[in-house]
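Side-chain atoms are counted along with the backbone in the values below, which use heavy atoms only and exclude waters and symmetry mates. Counting begins at 1 with the first residue of the sequence. Just so you know, these numbers come straight off a predicted model, no measurement behind them.
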Amino acid sequence: MDSKQRAALKGLASTMPAIYQIGKGELSDNLIRGLDDALTARELIKISVLKNCDYSAADLMRVLEIKLKAEAVCAIGNKIVLYRYSDKEGIRHIKL
């Protein structure tokens, strides 16, 4: 992903609400499954990292990028934005 594509995705994500919150505790299989389903349905998701989380947003972004096979768009403050193209039919795909 080049910088123009990343900037376009970052702009789209700026108006989106965070759909998940990650707090204290480990990344559970249920959380990973839920994030995977959300990426399949939406392609672009924003995640909020709570203050009581043991990890920083940047660290979590790298871990989630690997576990979900997604592209890390950005981590600003306590927010993470991830993108993954979805082959699911019937959704509105993001043009890059």
Side-chain angles (χ1 to χ4, degrees):
M1 177 182 314
D2 64 27
S3 62
K4 285 187 179 188
Q5 292 170 328
R6 194 175 307 282
L9 291 173
K10 192 175 171 183
L12 287 173
S14 68
T15 59
M16 295 173 45
I19 61 167
Y20 271 92
Q21 293 180 341
I22 299 176
K24 193 170 178 140
E26 306 236 350
L27 293 174
S28 68
D29 290 337
N30 285 337
L31 176 66
I32 297 297
R33 213 172 303 117
L35 291 170
D36 186 54
D37 291 343
L39 277 169
T40 301
R42 298 175 181 227
E43 293 187 335
L44 185 69
I45 60 171
K46 187 189 283 187
I47 304 162
S48 179
V49 180
L50 301 178
K51 291 184 182 193
N52 65 349
C53 186
D54 297 333
Y55 307 100
S56 71
D59 292 339
L60 277 175
M61 181 178 68
R62 297 296 171 217
V63 170
L64 291 173
E65 181 179 29
I66 292 166
K67 286 188 179 237
L68 297 168
K69 296 176 179 75
E71 293 277 341
V73 176
C74 66
I76 298 176
N78 65 339
K79 304 282 191 230
I80 299 170
V81 180
L82 297 174
Y83 169 79
R84 183 179 70 197
Y85 179 79
S86 175
D87 290 331
K88 184 177 178 181
E89 291 183 28
I91 68 167
R92 193 173 119 200
H93 294 287
I94 298 171
K95 305 254 185 200
L96 292 180

Engineer: To the nearest 0.5 Å, what is the distance between CD on Glu71 and CG on Leu39?
Structural biologist: 11.0 Å
Engineer: Tell me whether Lys10 at atom NZ has more than 12 heavy atoms from other residues, nucleotides or ligands lying less than 6.0 Å away.
Structural biologist: no
Engineer: Under the 3.5 angstrom rule, does the side chain of Glu43 hit a backbone N or O of Ile94 as a donor-acceptor pair?
Structural biologist: yes
Engineer: Would you say the side-chain atoms of Lys24 pair up with the backbone N or O of Asn52, donor to acceptor, closer than 3.5 Å?
Structural biologist: no
Engineer: Tell me which donor-acceptor pairs under 3.5 Å the side chains of residues 85-92 have, and how far apart each pair is, sequence neighbours excluded?
Structural biologist:
{"residue": "Ser86", "atom": "OG", "partner": "Thr40", "partner atom": "O", "Å": "2.7"}
{"residue": "Ser86", "atom": "OG", "partner": "Lys88", "partner atom": "N", "Å": "3.2"}

Engineer: Taking atom CG as the centre, does Asp29 end up with more than 12 heavy-atom neighbours from other residues, nucleotides or ligands that are less than 6.0 angstrom away?
Structural biologist: no
Engineer: Start with the C-alpha distance between Asn78 and Ser48, add both sets of side-chain angles, then the distance that settles side chain to side chain contact (heavy atoms under 4.5 Å, CB included), and finish with yes or no.
Structural biologist: CA-CA 6 Å; Asn78 65 339; Ser48 179; 4.0 Å; yes
Engineer: Linking I/L/V/M/F/W/Y whenever their side-chain heavy atoms sit closer than 4.5 Å, directly or via other members, would Ile76 and Val81 fall into one cluster?
Structural biologist: no
Engineer: Does some side-chain heavy atom of Leu64 sit less than 4.5 Å from a side-chain heavy atom of Leu82?
Structural biologist: yes
Engineer: Quick one: does Leu31's side chain get under 4.5 Å of Tyr20's, heavy atoms only?
Structural biologist: yes
Engineer: Looking only at heavy atoms, what is the nearest atom pair of Leu35 and Leu68, with distance?
Structural biologist: CB-CD1, 3.9 Å
Engineer: Is Ile22 close to Leu27 at the side-chain level, that is, under 4.5 Å between some pair of heavy atoms?
Structural biologist: yes
Engineer: Donor-acceptor check, side chain of Arg42 to backbone of Tyr83, threshold 3.5 angstrom: yes or no?
Structural biologist: no
Engineer: Looking only at heavy atoms, what is the nearest atom pair of Met16 and Lys46, with distance?
Structural biologist: O-NZ, 3.0 Å
Engineer: With heavy-atom distances below 4.5 Å as the criterion, would you say the side chains of Leu9 and Met1 are in contact?
Structural biologist: yes
Engineer: Hey, are Asp36 and Arg84 close enough for a salt bridge, meaning a charged N less than 4.0 Å from a carboxylate O?
Structural biologist: yes
Engineer: Please find the pair of heavy atoms, one from Cys53 and one from Gly23, that lie closest to each other, and give the distance.
Structural biologist: SG-O, 3.6 Å
Engineer: Minimum heavy-atom separation for Ile80 and Ala57, please, with both atom names.
Structural biologist: CD1-O, 3.5 Å
Engineer: Ile45, Ile32: one ILVMFWY side-chain cluster at the under-4.5 Å cut-off?
Structural biologist: yes
Engineer: What pair of heavy atoms forms the shortest contact from Glu65 to Ala72, and how long is it?
Structural biologist: OE2-N, 3.4 Å
Engineer: Taking atom NZ of Lys4 and atom CZ of Arg6, what is their separation to the nearest 0.5 Å?
Structural biologist: 14.5 Å
